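Here is the structure we will look at.
None of these values were measured; they are calculated from a predicted model.
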Amino acid sequence: QVQLVESGGVLVQPGGSLRLSCVASGSIFRITVMNWSRQAPGSQRGMVAGITSRDLTNYADSVKGRFTISRDSAKNTVYLQMNSLKPEDTAVYYCNALTGSPQSDRVEYWGKGTLVTVSS
């Protein structure tokens, strides 16, 4: 089992910056990919950014150039640095972890989310 706890979501002004954190615990050794997703009220949850155990990263087009995902293996933590925030970025942000590989032992875990509100 893997447990994920997000933190850092607050009210921030448009153009501002914010860093979200996700701390993983449990069977950490099985995690190979960690992602950030988000869901606005009444909207479908969508991927924002991901990072692999080899530090390969991917970003949604809507956040590319503004958001940066990183990890600190010693702290079992993944971060999402968000810059130049827009009102459209307002959402509950979720951390999720994938274990193993698509060929073997692939399991997905989710945190409970942290709310980011971008407003003047």
Checklist entry - Are side-chain N/O atoms of Ser17 and Arg19 paired as donor and acceptor at under 3.5 Å? => result no
Checklist entry - In Å, rounded to the nearest 0.5 Å, how long is the span from CZ of Arg106 to OG1 of Thr99? => result 6.5 Å
Item to check | Ala49 to Leu80 - nearest heavy-atom pair and separation | outcome: CB-CD1, 4.1 Å
Checklist entry - Given the rule that I, L, V, M, F, W and Y join up when any side-chain heavy atoms are under 4.5 Å apart, are Ile51 and Leu18 in one cluster? => result yes
Checklist entry - Which residue, Val118, Leu11, Val12, Leu85, forms the side-chain contact (heavy atoms from CB on, under 4.5 Å) with Thr90? => result Val118
Next on the checklist: Any side-chain to backbone donor/acceptor pair from Thr77 onto Lys75? Under 3.5 Å, distance only.
Outcome noted: yes
Next on the checklist: Run the side chain to side chain contact (heavy atoms under 4.5 Å, CB included) test on Gln13 and Ser120 for me, step by step, so that the C-alpha distance in whole Å, both residues' side-chain angles and the decisive distance to 0.1 Å come before the verdict.
Outcome noted: CA-CA 5 Å; Gln13 294 184 3; Ser120 299; 5.7 Å; no
Item to check | Sidechain-backbone polar pair: Ser27 side chain, Arg30 backbone, donor-acceptor under 3.5 Å | outcome: no
Checklist entry - Which value, rounded to the nearest 0.5 Å, describes the distance between Tyr93 atom OH and Met82 atom CE? => result 5.5 Å
Checklist entry - Is there side-chain contact between Val116 and Asp89, with heavy atoms separated by less than 4.5 Å? => result no
Checklist outcome for this item: Arg66 and Ser84 have their tightest heavy-atom pair at NH1-O, 3.0 Å
Item to check | Heavy-atom closest pair, residues Glu6 and Lys112 | outcome: OE1-N, 3.1 Å
Checklist entry - Quick one: is the NZ or CZ of Arg38 closer than 6.0 Å to the six-membered ring centre of Tyr94, and within 45° of its axis? => result no
Checklist entry - Side chain of Arg71, backbone of Met34: donor and acceptor closer than 3.5 Å? => result no
Item to check | Sub-4.5 Å side-chain heavy-atom contact between Thr52 and Thr32 | outcome: no
Item to check | Hydrophobic cluster membership, Phe67 vs Met47, 4.5 Å side-chain cutoff | outcome: no
Item to check | Distance-minimising heavy-atom pair for Leu115 and Ala91 | outcome: CD1-O, 3.6 Å
Item to check | Thr114 side chain to Val92 backbone, donor-acceptor under 3.5 Å | outcome: no
Next on the checklist: Please tell me whether Leu4 and Ile28 are part of a single hydrophobic cluster in this structure, the criterion being side-chain heavy atoms less than 4.5 Å apart.
Outcome noted: yes
Checklist entry - Hey, mind stepping through Trp36 and Leu20 against side chain to side chain contact (heavy atoms under 4.5 Å, CB included) and telling me if it holds? => result CA-CA 10 Å; Trp36 286 97; Leu20 305 182; 3.7 Å; yes
Item to check | Full working for side chain to side chain contact (heavy atoms under 4.5 Å, CB included) between Tyr59 and Ile69 | outcome: CA-CA 9 Å; Tyr59 299 92; Ile69 188 171; 3.5 Å; yes
Checklist entry - With a 4.5 Å limit on heavy-atom distance, are the side chains of Thr117 and Val10 in contact? => result no
Next on the checklist: Please find the pair of heavy atoms, one from Val63 and one from Val48, that lie closest to each other, and give the distance.
Outcome noted: CG2-O, 3.5 Å
Checklist outcome for this item: Nearest heavy-atom approach of Asn96 to Ser37 is OD1-OG, 4.0 Å
Item to check | Stepwise side chain to side chain contact (heavy atoms under 4.5 Å, CB included) test for Gln1 and Tyr109 | outcome: CA-CA 8 Å; Gln1 287 286 336; Tyr109 299 91; 3.6 Å; yes
Checklist entry - Measuring from Ser70:OG to Gln81:CD, what's the distance to the nearest 0.5 Å? => result 8.0 Å
